[in-house]
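Any value given below was found using the heavy atoms of this structure, including those in side chains, with hydrogens, waters and symmetry copies removed. What you see is a predicted model, and the numbers here were worked out from it, not measured in a lab.
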Amino acid sequence: MKKYILKRFFISLITIWLIATCCFFLLRTLPGNPFATQQLLSPEMQERMMEYYGLNGPLSEQYLTFMKNLLHGDFGSSLKYTGQSVNGIIASTFPVSAQLGLQAYLISFPIGILFGIIAARNRGRTIDYSLVAFSVLGVSVPVFVLASLLQYIFAIKLQILPVALWSSMKHTILPTITLAIGSIASKTRLMRTLMLEVITEDYVKTAKAKGLPAWKIVWNHQIRNAIIPMIPSLGMEIVSILMGSFVVEQIYSVPGIGAYFVNSVRSLDYTMTLGLTVFLAIFVVTANFIIDLIYGLVDPRIRVTK
Amino acid sequence: MSAITSKDFTPLPKERDMTDVIVRPSVSYWKDVFRRIRSDKVAVVSFTFILLISLMAIFAPIVCQYGYDTTSMGQGNLSPSSEHWFGTDSLGRDLWARVWVGARISLLIGLCGAIVPQIVGIVLGGVAGYFGGWLDMLIMRIIDIGACIPSLIYVTLIMLYFGSGPAAIVLAIAMSFWMDSARVVRGRMLQFKNREFVLAAKTQGASSFRVIFRHILPNILGQQVVSVSSAIPSAIFLEAYLSFIGLGVASPMTSWGQLCQLGASFYRLYPYQLFIPGAFISVTILAFYLFGNCLRDALDPHLRD
């Protein structure tokens, strides 16, 4: 187990280093100049700006500085939002995105699993068909269509929830639901398949033959085994919720990290793109590392084979 | 009880010997798959829909009297009418023309974005699984690390580097999707490479290339066709997301995702501008998704009764 943890940890570190390095060099070799869009700047002024932000020296030197700062957890200052550090922007926007993502995650996990179990237990009945239909629809409607639709129905027509912004708990309801529906749908589908596989297993028959009550079979023998393959999909879910939250933030005007990310990419704000990319990479890689560990703990077979 | 006499026995008629002869022609694997799909109503409907959308995407912009990028200032934001079937956008561009031009891009990206990573995955995964050794080690380590990198980051970097065209999006999708199929193909390759028919082929002097592509690949292909069909909707989705957050194809070229983005800013005033392209994305993805499910059921020998 120790070897397994060490190996995963090592891979995670290399991954983060690789992302940071690739990002750095790819961004710096891009054609264009971040200050060229500000037309009022004379060439000398642009030169001075480049020097001020440390973009003038040889690339290798810049890279070393960047890496040294990164090790201290410092992403530098933004080129476009004058006077703001990337760390400051992350600190003010990421908690909002994280809250949105976490709420969606916490809602979708139990509901998705519950729906999957209900569908599998009632295979072939109306409730199964309606849950399957829901999951198919939920997977095929893009989150921006869903977001606009929900906003139109609940905020504009019925006027029971706020249209946009992010100032109270009530404001978080619509964005969270929008984000959660897609992942509830995919979890329902996955859990249903996994449960159906487990239901035909021999140990379930044995348990039934022993005379265990139905709920005990479901809880101890079916859910426990069916849920294990769900765990690695949780890591993928983080990425898709992150992608989805960029869209949801845009529609509901949520002051999250998404808008900064997209704008920085468009306006060649090197330090900002680099900082946010590396930050998101660290976040996702760490989450995957933790999920891998949980997987190893829950399922002893993984530890033995690796 | 009377004794049994020879009269109780009658010789069988001569024709009865024919029962051993196979009357019907044998059905090959792919023929059987085709027959199963044809008998499945959902598959037929979804396939017809996909075909219809593809044909419209190819021919509708050609016969349409408005260009997808012709602006006309006086005719902005018109509701759907007999003149402009899907209405016009804020710059007076005909949405009927734009939806079908957008369909070209979205479908092309969906198709290429599903097939290109699959080919890369089959080649690299096949080589890794068949030859093993340091090559396998190298490719698997690349996958181990690459899989940890969120696809959004690939996409951002590639978009930054190559600009935002359809080819860049396909490349970005390929970068993030090839690893799954490579992993699957490698596993299947390990399963098959020590089987008798491979040994037989090797004994007869078949080259590694021939063994991989002629003998092992046909056994794997069914599974990979299924994974292509399930990758198409994800590729269309990814393109739509990227276009929606503003990292997709550049204007005046358009795609369904970009049309939705433009429509979303004014959808309270002009809902058709968002919900028409939105409905096209949703229903097309639904059709691909249902067809993929039917294809899986038809191809997978385990699911047959």
Side-chain angles (χ1 to χ4, degrees), chain A residues 7-8 11-12 14-16 18-19 22-23 26-27 29-32 136-137 139-149 151-152 156 163 182 235-236 238-240 242-244 246-247 249-251 258-259 261-266 268 273 276-278 280-281 283-285 287-289 292, chain B residues 42 141-142 144-164 176 180 230 233-234 236-247 256-257 260-261 263-265 267-268 271 273-290 293:
Chain A
K7 192 186 148 199
R8 298 303 317 177
I11 288 183
S12 306
I14 292 186
T15 311
I16 292 170
L18 209 68
I19 294 173
C22 288
C23 277
L26 283 176
L27 279 169
T29 47
L30 276 180
V136 170
L137 276 178
V139 173
S140 22
V141 179
V143 73
F144 44 81
V145 175
L146 194 67
S148 317
L149 212 60
Q151 193 182 41
Y152 190 70
I156 297 169
V163 179
M236 317 250 274
I238 292 177
V239 179
S240 76
L242 202 70
M243 282 282 275
F246 282 17
V247 173
E249 281 169 17
Q250 192 179 327
I251 291 176
F261 187 76
V262 175
N263 284 339
S264 77
V265 170
R266 280 198 193 144
L268 283 182
T273 313
L276 292 184
T277 311
V278 173
L280 290 180
F283 176 71
V284 173
V285 169
N288 273 320
F289 175 66
D292 263 357
Chain B
V42 178
R141 283 301 85 77
I142 292 177
D144 269 349
I145 294 175
C148 294
I149 303 177
S151 55
L152 188 67
I153 289 175
Y154 288 120
V155 172
T156 319
L157 287 179
I158 289 172
M159 296 306 232
L160 278 171
Y161 217 74
F162 295 102
S164 42
S176 43
D180 280 337
S230 67
S234 353
I236 295 180
F237 246 144
L238 193 57
E239 187 276 328
Y241 279 128
L242 288 175
S243 297
F244 194 84
I245 60 175
L247 296 174
W256 284 342
C260 285
Q261 185 217 356
S265 15
Y267 83 92
R268 263 156 269 171
Q273 286 183 15
L274 167 65
F275 291 117
I276 289 174
F280 272 102
I281 299 184
S282 310
V283 180
T284 307
I285 286 176
L286 186 67
F288 272 115
Y289 186 79
L290 291 175
N293 273 357

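- Counting heavy-atom pairs closer than 4.5 Å to chain A, the top-ranked of the candidates B:Pro277, B:Ala287, B:Ala240, B:Gly257 is B:Ala240.
- Heavy atoms closer than 4.5 Å to chain B are found nowhere in A:Leu146, neither backbone nor side chain.
- Scored by the ring pair (Phe, Tyr, Trp, His ring centres under 6.0 Å) test, A:Phe289 finds A:Phe9 as partners (sequence neighbours excluded).
- Looking at B:Leu274, only its side chain comes within 4.5 Å of chain A, counting heavy atoms on both sides.
- Contacts of B:Phe288 with chain A are absent, with no heavy-atom separation under 4.5 Å from either backbone or side chain.
- Residue A:Glu249 does not touch chain B at all, counting heavy-atom pairs closer than 4.5 Å.
- Interface residue B:Leu238: only side-chain heavy atoms are found under 4.5 Å from chain A.
- Of all the heavy atoms in A:Val145 and B:Gly278, the pair that sits closest is CG2-CA, 3.6 Å.
- Annotation: maximal heavy-atom pairing with chain B below 4.5 Å, among A:Leu18, A:Ile251, A:Val143, A:Ile16, occurs at A:Val143.
- Of the atoms belonging to B:Phe244, heavy atoms from both backbone and side chain fall under 4.5 Å from chain A.
- For A:Phe261, the ring pair (Phe, Tyr, Trp, His ring centres under 6.0 Å) test picks out A:Phe246, with sequence neighbours left out.
- Looking at every heavy atom in both residues, A:Val139 comes nearest to B:Phe237 through O-CE1, 2.9 Å.
- Of all heavy-atom pairs between A:Ser148 and B:Phe275, the closest is CB-CZ, 4.3 Å.
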